[in-house]
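This report concerns only the one structure given below.
Worth knowing before you read on, the calculation uses all heavy atoms, side chains too, and leaves out hydrogens, waters and symmetry mates. Lettering follows sequence order; numbering is per chain, from 1.
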Protein chains: 2
Amino acid sequence: MTLSDPPPPRRSLTLRDVSEASGVSEMTVSRVLRGSADVSAKTRARVLAAAKQMGYVPNKIAGGLASQRVNLVGVIIPSLSNMVFPEVLSGINEVLEATPLQAVVGLSRYDPPHEERVLYEMLSWRPSGLIVAGLEHSEASRAMLRAADIPVVEIMDLDGEPVDSVVGISHRRAGADMARAIAAAGYRRIGFLGTKMPMDHRARKRFEGFTGALAREGIEVTDHEFYSGGSGLAKGREMTRAILERNPDLDFLYYSNDMIAAGGLLYCLGEGIDVPGRMGLAGFNGIELLDGLPLRPATIDIRRREIGRKAAEIIADCVQRGLASAHARIALDPVLDPGDTLRKPPA
Amino acid sequence: MTLSDPPPPRRSLTLRDVSEASGVSEMTVSRVLRGSADVSAKTRARVLAAAKQMGYVPNKIAGGLASQRVNLVGVIIPSLSNMVFPEVLSGINEVLEATPLQAVVGLSRYDPPHEERVLYEMLSWRPSGLIVAGLEHSEASRAMLRAADIPVVEIMDLDGEPVDSVVGISHRRAGADMARAIAAAGYRRIGFLGTKMPMDHRARKRFEGFTGALAREGIEVTDHEFYSGGSGLAKGREMTRAILERNPDLDFLYYSNDMIAAGGLLYCLGEGIDVPGRMGLAGFNGIELLDGLPLRPATIDIRRREIGRKAAEIIADCVQRGLASAHARIALDPVLDPGDTLRKPPA
DNA sequence: ATGAAAGCGCTAACAT
DNA sequence: ATGTTAGCGCTTTCAT
């Protein structure tokens, strides 16, 4: 022993350490730690005491390799900055917390090649299931999803061909529902304000459903205003100012989400525009955070938390029953709330 | 071969499969897939082609076990419903995307025993580093953090004793800064509206800093209004109505976050209260989403994204240099923005 | 109720 | 530049 013995590379504790400390075989220690029934109470107590005293933390990497089972559920969503996705995650977590499963989140950024990389990363952890936002993926991604041999749930959208299971609402229908409500309320000169849609398929489908249904009423969208980048009240204000400057005679503004709708509403009220008499507004998502505005904007609740819950339930069920797919299709109804901004007062 | 051969349990492809398909040893396949330099271009191409053709996805569980390195960074935050945390995560992701590291998120729900369980789960994956919100943890959690022998960064808060590194702002100072600004602007009858604080140490520290600094000016907080549950505009409205009903002569309302401050602002404006003349307001966090209100509420930016970036940089640096700790302390300055609601107009 | 042996799919370390 | 061997820390399977 010299003065300069290099410190041994500190390795974390193993089952073997607990085994030695408790005088019980590794195998039995493993049984105790996983809660197997076939262990005597005395042995169990001894092992548990030793493990706790040492601060032993099981190694799931080793466990996963040995058992060929990893209790991870991959979740791929476009981003966290759009409030809908954290809410979907909450729903997923609520369900998974009652199971041994644990969600791992990856962000696709509305970018299929990036999604492909994230998916590849996820699959390399051999998760027990996968929840992916949207139905549009690169061919390579779809191939990976099919080949993974695990339950896959695509969420948020129903309009398309799922790989396995799907939980969501029809955005075409949501758009059409809103269009009909707007037409029925008597509005005729309608402006659309929303994201640039190449990136966002669900926004595009809503828009298609919207214009389709309007067309059946003999109405066309009068003008559009598109944006990219984050949504916020300020963005809604700017866009509203811009579109109204071009088209002062619009009588309805349809926004692709509630946040920019709220900005638009504040703009209109600030300009002294009579809402909903002179001008109606509607958003999308059903964000509760925004209850408390001077008027409640019309919106459609896309049932974010329920989508998360249902998707997680499908995965949990498959895992428990040892199935590699469920082929479930859960169609939730989009719920239109006219709020205070979608009704012309009786003339 | 009978008609009822049970389907072989489908196992996913292994290095060995790629090795056989490409006629190259497993070891060399492994080298190619990890981008080692010592492989001939021809071999590399052959292996890559085979792997791609078969749809091989490496198994990180096995790789992690063999190499004793797992490129995961655990991140433990209280929740996703408070917008600040998704923003911190974005900062973390921005930095980690340029490294082989990958964040895994766990939610502590502002509940130390729950945090302890989440931490235990995280550590069982043997992550390369850990980022944890806050400085207050159960003794067992602190013991696990110390014993983990990996870099740990506690974020958001500076006021306390970190286990290893810390990145954040001083909430005591943020509270005191706002108190001084309010006093300097001439407000005197001040109400506080915020979360029930046993759960939220940072809110408590802000409140302590706030009342302490006010006391030095000879001012006391006139009344409080506490809430639990999610924040939203509606909550801010209700609380504001309640506190003003009890204390119609308050001249300033200090909210524990921007969302309820915005609700309060809308309430005041709706009631025709002159802001900031008759009544000043301030929130906390510096949420950009809310730019676009009729008036910009005073707030303090806690530099969420930077906190995430710095924390991730510390971890990435330690991992790269093989260090198990950094003992860094990064103090960011809270930035007070008086907005439009923290100045009495010249009388 | 407990233990012994084998091996999960990969990589470190050492050949060649 | 490529191959061989020996594990990583668990769990599975089979004995006892």
Side-chain angles (χ1 to χ4, degrees), chain A residues 8-48 50-51 54 56-72 100 123-128 149 322, chain B residues 9-48 50-51 54-72 100 123-128 149 322:
Chain A
R10 269 206 277 160
R11 314 186 322 83
S12 55
L13 297 167
T14 68
L15 264 190
R16 156 166 247 119
D17 297 312
V18 181
S19 163
E20 284 167 4
S22 62
V24 172
S25 78
E26 282 187 50
M27 197 52 238
T28 301
V29 173
S30 170
R31 287 190 180 104
V32 170
L33 264 21
R34 280 177 297 146
S36 159
D38 304 323
V39 182
S40 74
K42 197 163 60 174
T43 308
R44 176 189 310 284
R46 233 172 1 139
V47 169
L48 254 20
M54 311 168 73
Y56 171 73
V57 177
N59 184 330
K60 292 207 182 187
I61 298 287
L65 181 59
S67 66
Q68 301 286 79
R69 274 179 289 98
V70 176
N71 60 355
L72 255 24
L123 289 176
S124 73
W125 291 106
R126 299 295 189 268
S128 294
D149 201 34
Chain B
R10 271 205 277 160
R11 314 187 323 81
S12 54
L13 297 166
T14 69
L15 263 190
R16 156 166 248 119
D17 297 312
V18 181
S19 165
E20 283 167 5
S22 62
V24 173
S25 78
E26 283 186 49
M27 196 55 234
T28 299
V29 173
S30 169
R31 287 190 179 103
V32 170
L33 264 21
R34 280 177 299 147
S36 161
D38 304 323
V39 182
S40 73
K42 197 163 60 175
T43 308
R44 176 187 311 283
R46 223 157 24 123
V47 168
L48 255 19
M54 312 169 72
Y56 172 72
V57 178
N59 184 331
K60 292 206 184 190
I61 297 286
L65 182 60
S67 66
Q68 300 287 80
R69 274 179 290 96
V70 175
N71 60 356
L72 255 23
L123 288 176
S124 73
W125 291 106
R126 298 296 188 269
S128 292
D149 202 33

Query raised in the report: Base, backbone or nothing for each nucleotide of nucleotides 9-16 of chain C, written B, S, -, heavy atoms under 4.0 angstrom, 5' to 3'?
Result: BBBBB---

Requested in this report: Can you pull out how bent the helix from C:dA1-D:dT16 to C:dT16-D:dA1 is, comparing the axes over its first five and last five pairs, to 10°?
Outcome: 30°

Report task. Output every pair passing salt bridge (Lys or Arg N to Asp or Glu O under 4.0 Å) with a member in residues 17-29 of chain B, not counting sequence neighbours, ordered by first then second residue. Result -> B:R16-B:E20, B:R16-B:E26

Report task. Can you sort out the partners of A:S67 under side-chain contact (heavy atoms from CB on, under 4.5 Å), two or more places apart, ordered by chain and number? Result -> A:R69

Query - Pairing residues for B:A66 by the side-chain contact (heavy atoms from CB on, under 4.5 Å) criterion, not counting sequence neighbours - result: none

Query raised in the report: Does the side chain to side chain contact (heavy atoms under 4.5 Å, CB included) test come out yes or no for A:S12 and A:N59, once each step is laid out?
Result: CA-CA 9 Å; A:S12 55; A:N59 184 330; 5.5 Å; no

**Report entry** Criterion side-chain contact (heavy atoms from CB on, under 4.5 Å) against B:K60, the qualifying member of B:N71, B:L72, B:V70
**Finding:** B:N71

Query raised in the report: Can you name the residues that form a side-chain hydrogen bond (donor to acceptor under 3.5 Å, both in side chains) with B:S30, not counting sequence neighbours?
Result: B:R34

Query - Presence of B:T43 side-chain N/O under 4.0 Å of D:dT2 phosphate oxygens OP1/OP2 - result: yes

Report task. Look only at the side chain of A:R31 and the backbone of A:S36, and say whether a donor-acceptor pair between them is shorter than 3.5 Å. Result -> no

Query - Student check: side-chain heavy atoms of A:V47 and A:V39 closer than 4.5 Å - result: no

Query raised in the report: So does A:T28 get a side-chain nitrogen or oxygen closer than 4.0 Å to the phosphate oxygens (OP1/OP2) of C:dG3?
Result: yes

